[in-house]
Amino acid sequence: MLDFIIKRVLLMIPTLFFVASVSFFLIHITPGDPVDLIAGQKATAEQKDEIRKSLNLDKPITEQYQIFLTRLAHADFGESLYSTNEDGSKKKVSKMIAERMPNTAILAIVAILISLFFSIPMAIFAAANKGKTIDKSILSFCILGVSIPSFVLAPILILTFCLQFQLLPVGGNDSAISIILPAVSLAIGLIAVTTRLLRGSILDNVAKPYVKTAQAKGCSRTRVLFVHVLKNAFMPMITIIFLQIGALITGTIFTENIFSWPGIGTLLIDSINRRDYMTAQGCILLIAFIYVLATFLADIVSAYINPQINLKKK
Amino acid sequence: MKFNNALKLAIALLVFLTILAGYSFISPYDYTSVNLQALLQKPSLAHLLGTDELGRDILTRLSYAVRTSLFVGSFVMAFSVLVGCVIGSFSAYMGGKVDLLVMRITDIFLAFPGILLAIAFSALVGNGFTSVIIALCLFSWVGFALMSRAQVLEIKNKPFIESAQMAGVGKLKIIFRHFLPNIATIIIVESCFVFSGAIIAEAGLSFLGIGIQAPHASLGIMLKQGMAYMLVSPHLILVPGLTLLTIVLMINLFSDKLTDIVAKH
């Protein structure tokens, strides 16, 4: 197990390094002066000089890269180009991210809880009624849920619950119920994926010999399903939930922007629109790191649950 | 029976898309022409799906938007199939160090969320039609590479390949003539994913304002602009939203059916 973890950590390092390097070099591969690109066409010569200095763009590229990596190793994403503290000094990107991160985390956690709350009963119900109308409608819902992009679902939800029935607030983070719509629109895709998976997993397990043994011993149908099958069927779900954390974090970029939820996703798009290059880079790096980390955890968890397959594969 | 269903779906999708995209050629309106006398009109005979906040005909704009989607989807798909399959087959065929290197590279790409790479690319390099396509091509080939590699490894040592080798057929010719035709079905399924994925990603990027830019028509731009007028004219978001959903849903159903067929064989 320890060997496997060490191997996976060693594999993770080049990935993180690649992600960081891509975000560094992207700005340099475009033809022309990166300062023009960051500052926009309306910037004055002084503004351009200031940007050049604050991004170290006046230094040779190897030195810039060195500074960038050293900073990153200290979790320092540099300073925002435009946002300032109360005393007028440039705001640290890491500080801006730290202010927004809890909101994104809450949104993602609530979305996961909602999806578990709905997908587990739905999967059990579908599996118990395999082939019947209820099973088919749940499966149809799953295909719909996987297919609908969040930026199509969210406006429809807003239209129904905020404008038509005026039950929920349209956006922002003013009251506790503000989280319902963004979390639900984030959760729908997750519900679809997990329901389908858990249903399949339950049906796989039902066909296994241990179920026959339990039945032969006089176990009731309900007891077999809930005590014996569900425990085993739930195992692959744990890996999937960790994998979905990565997908959720990228999904929040859309959801947060639609519902003006003050998290990393809105910070990212706002800073792209304001041409705040350093903040945008910081957000992209953070989201990528979370994604890579979630995939890593999913691997570890699945190896822990089922050591046979995974340790052999690597 | 099953195959018939898949075929029916594919034909329905093609007809739907052809009619939608084809309308732009016969439409009496231009997709950018502003008509301030006819703002936010409800669907009528003159404007079948109504008009938007600048009085532009929504059906015409939708038609152009679908053309944009189709172009982006097809281009990204074609590029990914070609590049991915060539890289994957080549890697499996060569084996050894080449294979190891290619696998490490695909590992890195897999560990990175594609849409984030596209956002980073659009944000840092610049947005617009070409950037969107490049950004989406950057990561879409990986699935094809992995898939074709796995398939080639499986059939690499089958007798018909060996006999081709013994007959003195060149390596490239073996890849194109013998490997690729053998993995066609599974490639089509993955193509569906990439095609619908690219359409969603383009709409998403445009929706966030970092993809294709107005006044060009894209489903994402229409959704984004429609959100501001949701209260008065809900059809402004329903039309592009449901169109996008229908396209994606039909592609997903088609690939689902196709997967069933592949699994049966």
Side-chain angles (χ1 to χ4, degrees), chain A residues 11-12 14-19 22-30 34 37-38 140 143-144 146-156 158-160 162-164 170 246-247 249-251 253-254 257-258 265 268-269 271-273 275 277 280-281 283-285 287-288 290-292 295-296, chain B residues 104-105 107-127 131 135 138 196-197 199-201 203-210 219-220 223-224 226-228 230-232 234-238 240-253 255-256:
Chain A
L11 268 176
M12 200 166 74
T15 310
L16 291 179
F17 185 73
F18 172 80
V19 168
V22 164
S23 75
F24 174 81
F25 283 109
L26 266 180
I27 196 82
H28 293 283
I29 57 166
T30 34
L37 192 74
I38 297 164
S140 311
I143 292 185
L144 194 68
V146 171
S147 302
I148 194 164
S150 61
F151 50 90
V152 174
L153 176 70
I156 294 176
I158 293 179
L159 208 59
T160 327
C162 307
L163 304 181
Q164 203 69 37
V170 177
I249 289 295
T250 48
I253 299 173
F254 291 97
N257 275 287
I258 297 166
L268 170 62
I269 301 301
S271 36
I272 289 174
N273 289 335
R275 295 177 167 276
Y277 167 66
Q281 192 188 45
C283 293
I284 288 171
L285 281 172
I287 296 173
I290 294 175
Y291 189 94
V292 172
T295 321
F296 166 74
Chain B
R104 282 290 86 76
I105 295 173
D107 269 354
I108 289 174
F109 270 95
L110 275 185
F112 195 76
I115 188 73
L116 190 65
L117 192 63
I119 288 177
F121 191 84
S122 305
L124 305 181
V125 181
N127 44 38
S131 300
L138 275 180
S196 64
I199 288 177
I200 296 177
L205 288 177
S206 306
F207 180 82
L208 290 177
I210 50 177
L219 293 173
L223 272 164
K224 182 189 170 200
M227 278 196 70
M230 226 160 30
L231 197 57
V232 265
H235 65 282
L236 249 59
I237 53 158
L238 290 179
L242 294 180
T243 308
L244 182 58
L245 179 61
T246 314
I247 297 176
V248 175
L249 197 61
M250 281 167 102
I251 297 173
N252 284 0
L253 283 172
S255 65
D256 249 30

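Letters A, B, ... mirror the listed sequences (proteins, then strands); counts begin at 1.
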Chemist: Determine whether Ile272(A) and Ile119(B) make a side-chain contact, defined as any pair of heavy atoms from C-beta on separated by less than 4.5 Å.
Modeler: yes

Chemist: Check step by step if side chain to side chain contact (heavy atoms under 4.5 Å, CB included) holds for Leu159(A) and Leu238(B).
Modeler: CA-CA 10 Å; Leu159(A) 208 59; Leu238(B) 290 179; 4.1 Å; yes

Chemist: Quick check on the interface: out of Leu223(B), Val248(B), Leu208(B), who has the most heavy-atom pairs with chain A under 4.5 Å?
Modeler: Leu208(B)

Chemist: Just to verify, what does Tyr277(A) make a ring pair (Phe, Tyr, Trp, His ring centres under 6.0 Å) with, not counting sequence neighbours?
Modeler: none

Chemist: So which of Val19(A), Leu16(A), Thr295(A) has the biggest tally of heavy-atom pairs under 4.5 Å with chain B?
Modeler: Val19(A)

Chemist: Kindly give the heavy-atom pair with the smallest separation between Met227(B) and Pro155(A), and that separation in Å.
Modeler: SD-CG, 3.9 Å

Chemist: Under a 4.5 Å heavy-atom cut-off, does chain B meet the side chain of Ile253(A), its backbone, both or neither?
Modeler: both

Chemist: Write down the atom of Leu110(B), the atom of Tyr291(A), and the distance for their closest heavy-atom approach.
Modeler: O-CE2, 4.3 Å

Chemist: Taking all atoms of both residues into account, what is the closest heavy-atom pair of Thr250(A) and Pro113(B), and its distance?
Modeler: CG2-CB, 3.6 Å

Chemist: Is Leu253(B) in contact with chain A via its backbone, its side chain, both, or neither, using a 4.5 Å heavy-atom distance?
Modeler: side chain

Chemist: Mind ranking Asn252(B), Leu244(B), Leu249(B), Leu117(B) by heavy-atom pairs under 4.5 Å with chain A and telling me who comes out on top?
Modeler: Leu249(B)

Chemist: Roughly how far apart are Ile156(A) CD1 and Leu245(B) CG, rounded to 0.5 Å?
Modeler: 7.0 Å

Chemist: With chain A as the partner, which of Gly204(B), Gly209(B), Ser196(B) has the greatest number of non-hydrogen pairs under 4.5 Å?
Modeler: Gly204(B)

Chemist: Check whether Ile237(B) gets within reach of chain A through its side chain, its backbone, both or neither, counting any heavy atom under 4.5 Å.
Modeler: side chain

Chemist: Under 4.5 Å heavy-atom distance to chain B, tell me which part of Ile269(A) shows up: side chain, backbone, both or neither.
Modeler: side chain

Chemist: Only pairs of heavy atoms separated by less than 4.5 Å count here; which of Asn257(A), Val152(A), Val146(A), Leu153(A) has the most with chain B?
Modeler: Val152(A)

Chemist: According to ring pair (Phe, Tyr, Trp, His ring centres under 6.0 Å), who are the partners of Phe24(A), at least two apart in sequence or on a separate chain?
Modeler: His28(A), Tyr65(A), Phe68(A)

Chemist: Kindly give the heavy-atom pair with the smallest separation between Phe207(B) and Ile258(A), and that separation in Å.
Modeler: CE2-CG1, 3.5 Å

Chemist: Chain A: which of Gly226(B), Pro240(B), Ala120(B) shares the most heavy-atom pairs with it under 4.5 Å?
Modeler: Ala120(B)

Chemist: Do Ile200(B) and Phe151(A) touch side chain to side chain, with heavy atoms closer than 4.5 Å?
Modeler: yes

